[in-house]
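What follows is a set of notes on a single structure, which appears directly below.
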Amino acid sequence: MQIDTTPKLKSYDVVIIGGAMMGASVAWFLANRPDFDGTVLVVERAPAYEFSSTAHSNSCIRQQFTQPINVQVSQFGADYVHNFRQYMGGDPDVPDIHMQPFGYMYLAATAEGEQVLRAAQQMQAAEGAGTQILTRDMLAEQFPFYNLDGIRIGSHNPVDEGYFDGGCMFDWWRRKARAGGVEFINNEVTGISRSGDQVSGVVLADGTQIGAGHVVNAAGPRAGQVAQMAGLELPVEPRKRYTFVFEAARPLDVDLPLTVDPSGVHVRSEGKYYMAGCPPFEDPAVAPDDFIEDHSLWEEKVWPAIAERIPQFEALKLIQSWVGHYAYNTLDQNAIIGAHPEVSNFMMINGFSGHGLQQAPAMGRGLAEWIATGRYETLDLSPFAFDRIPAGQPLLEQAVI
């Protein structure tokens, strides 16, 4: 579909900077609100999305977090996936989205790691999650392919955890947002106009000035740069994360849960193949257009960890690999959402640090509520407010992959 580069209007009620998963979510939820009839513009610099975090996502969802609000956010996400067509208005053209419920498996190798998993399981169960603690004996019985040397316990939840087609959700949000009157353009925001405690509009790369009632920062790993245009600091930076798809000479006869190994490597089933991922050896901020791979990572870190944990995977063939970027919140690896306290109409939906795609339904809905009404109507997302940043009070999430 051809996307215009020039906006149709000179001013909009809402200008969304970034049209990937978060921007599309906010746009759709605004367009779907009967009480919101404002004009919405989405500005996307690269509408093929080939280098976006959305395109590089492994598209998984889980409830195994250590903060209750993150569990609640993902529970809505799971419900949204299961009932996607209904949430999209019952349109028969909207497909059902299947979730592959292999679950996540966290393995603990230390007393401290075990304590974290046990405490998290109790909290998750109180929130209604199906997480279970598995002893070594239980692990050996249910998952005999694991090498359990050094492993104390596992934490597994096969209920509403697994893989889903996030690309389908993303595509239909954009389609339905357009049908609801949202305008998408292929351009780049290079400046944000500000008057005191308000932003008044944005400037595009071609010099076009657009007025705005609200500006939404949905720029993913570039969110810190966008905030600086408004004279604000946001602790979000691009960090590389690697994905590897491989074939096993001796595949397992059951689906492999997304296994989070104490080494920092994670691996799961991917159809007839398997998918693994990890951070690099060093984890600095990188340029937003730096997707250069460190090819030693597979040989020196990922393959050895996989073969150690699952001896049946000693003989592997690497099929594909790529690098994506986390929009990494350096304070606490959690979302930053809502209005900026110094600039009340500058809205943030940033810093998801790897779990953004699964959180997009709840986060997009919540920010749309805030823009339309000035408050959260359904799930209270105030724990993710920016205020904790200058206060130095992290909402620490210990289950970051």
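Below, all heavy atoms of this structure are taken into account, side chains as well, without hydrogens, waters or symmetry copies.
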Please report the interatomic distance [atom1]([X]) to [atom2]([Y]), rounded to the nearest 0.5 Å.
X: Asn350; Y: Met347; atom1: CG; atom2: CE; result: 11.0 Å
X: Ile153; Y: Ile133; atom1: CD1; atom2: CD1; result: 4.0 Å
X: Leu258; Y: Cys60; atom1: CG; atom2: SG; result: 5.0 Å
X: Phe244; Y: Trp298; atom1: CZ; atom2: CH2; result: 7.0 Å
X: Gln312; Y: Leu256; atom1: CD; atom2: CG; result: 10.5 Å
X: Gln228; Y: Glu233; atom1: CD; atom2: CD; result: 5.0 Å

* Salt-bridged, Lys240 to Asp290, with N to O below 4.0 Å? ->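 Yes, this pair counts.
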Short side-chain donor-acceptor distance under 3.5 Å, [Y] and [X]:
X: Asp137; Y: Thr135; answer: no
X: Tyr273; Y: Gln320; answer: no
X: Gln132; Y: Ser155; answer: no
X: Asn334; Y: Asn70; answer: yes
X: Tyr87; Y: Asp79; answer: yes
X: Thr131; Y: Gln63; answer: no
X: Ser193; Y: Gln209; answer: no
X: Thr66; Y: Glu397; answer: yes
X: Arg365; Y: Thr378; answer: yes

* Run the side chain to side chain contact (heavy atoms under 4.5 Å, CB included) check on Asn32 and Leu30 step by step: do they pass? -> CA-CA 5 Å; Asn32 193 49; Leu30 280 172; over 6 Å; no
* In sequence, state the C-alpha distance, the side-chain angles, and the governing distance for Ile192 and Val226, and then conclude on side chain to side chain contact (heavy atoms under 4.5 Å, CB included). => CA-CA 8 Å; Ile192 297 176; Val226 169; 4.0 Å; yes
Test your reading of the model: is there a side-chain donor-acceptor pair from [X] to the backbone of [Y], 3.5 Å cut-off?
X: Thr259; Y: Pro257; answer: yes
X: Asp289; Y: Phe291; answer: no
X: Tyr12; Y: Glu183; answer: no
X: Gln358; Y: Ile61; answer: no
X: Thr110; Y: Gly113; answer: yes
X: Arg194; Y: Gly196; answer: yes
X: Thr373; Y: Glu369; answer: yes
X: Lys301; Y: Ser263; answer: no
X: Thr39; Y: Asp13; answer: yes
X: Asn345; Y: Val199; answer: yes

* Inter- and intrachain pairs under ring-ring contact (aromatic ring centres under 6.0 Å, His included), touching residues 358-389, at least two apart ->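 Residue pairs with at least one partner in residues 358-389: His340-Phe386, Trp370-Tyr376.
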* Do you know the tightest heavy-atom contact between Ala27 and Val42? ->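 What the structure gives for the nearest pair is CB-CG2, 4.0 Å.
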* Considering residues, nucleotides and ligands other than Asp380, do more than 12 of their heavy atoms fall under 6.0 Å from its CG? ->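 Atom CG in Asp380 is packed in, count exceeds 12.
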* Near Gln115 CD, under 6.0 Å, is it more than 12 heavy atoms from other residues, nucleotides or ligands? ->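 No - once you tally the heavy atoms of other residues, nucleotides and ligands closer than 6.0 Å, there are 12 at most.
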* To do: Classify the angle between the aromatic ring planes of Tyr146 and Phe143 as parallel (below 30°), tilted (30 to 60°) or perpendicular (above 60°).
  =>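 Tilted: the ring planes of Tyr146 and Phe143 meet at 30° to 60°.
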* Asked: Which of parallel (below 30°), tilted (30 to 60°) and perpendicular (above 60°) describes Phe246 and Tyr274?
  ->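 Correct class here is parallel.
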* Report the C-alpha separation of Arg268 and Asp255 in whole Å, then their side-chain angles, then the decisive distance to 0.1 Å, and conclude whether the salt bridge (charged side-chain N to carboxylate O under 4.0 Å, His left out) test is met. => CA-CA 8 Å; Arg268 67 168 173 87; Asp255 286 330; over 6 Å; no
* Does any pair with a residue in residues 151-168 pass salt bridge (charged side-chain N to carboxylate O under 4.0 Å, His left out), and if so which ones, sequence neighbours excluded? ->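 For residues 151-168, and leaving out neighbouring residues, the salt bridge (charged side-chain N to carboxylate O under 4.0 Å, His left out) pairs sorted by first residue read Glu114-Arg152.
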* With side chain to side chain contact (heavy atoms under 4.5 Å, CB included) as the test, would you mind laying out the steps for Val203 and Met229 before giving the verdict? => CA-CA 10 Å; Val203 181; Met229 295 179 195; over 6 Å; no
Contacts of type salt bridge (Lys or Arg N to Asp or Glu O under 4.0 Å), residue [X], not counting sequence neighbours:
X: Asp35; answer: Arg33
X: Arg174; answer: Asp171
X: Asp283; answer: Arg239, Arg241

* **side chain to side chain donor-acceptor pair (under 3.5 Å) between Thr5 and Asn187, intermediate numbers included** => CA-CA 6 Å; Thr5 59; Asn187 214 311; 5.2 Å; no
* **Test side chain to side chain donor-acceptor pair (under 3.5 Å) applied to Glu308 and Asn147, step by step** => CA-CA 7 Å; Glu308 171 69 19; Asn147 168 21; 3.3 Å; yes
* List in chain and number order the residues that pass side chain to side chain contact (heavy atoms under 4.5 Å, CB included) with Gln333, two or more places apart in sequence or in another chain; answer none if no residue qualifies. =>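 By the side chain to side chain contact (heavy atoms under 4.5 Å, CB included) rule, Gln333 matches Tyr328, Ser353, Val400.
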* With ring centroids as reference points, do His355 and Phe65 lie under 6.0 angstrom apart? ->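 Ring-ring flag for His355/Phe65: true, centres closer than 6.0 Å.
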* Show your reasoning for whether side chain to side chain contact (heavy atoms under 4.5 Å, CB included) applies to Ile401 and Val260. => CA-CA 8 Å; Ile401 299 174; Val260 184; 3.9 Å; yes
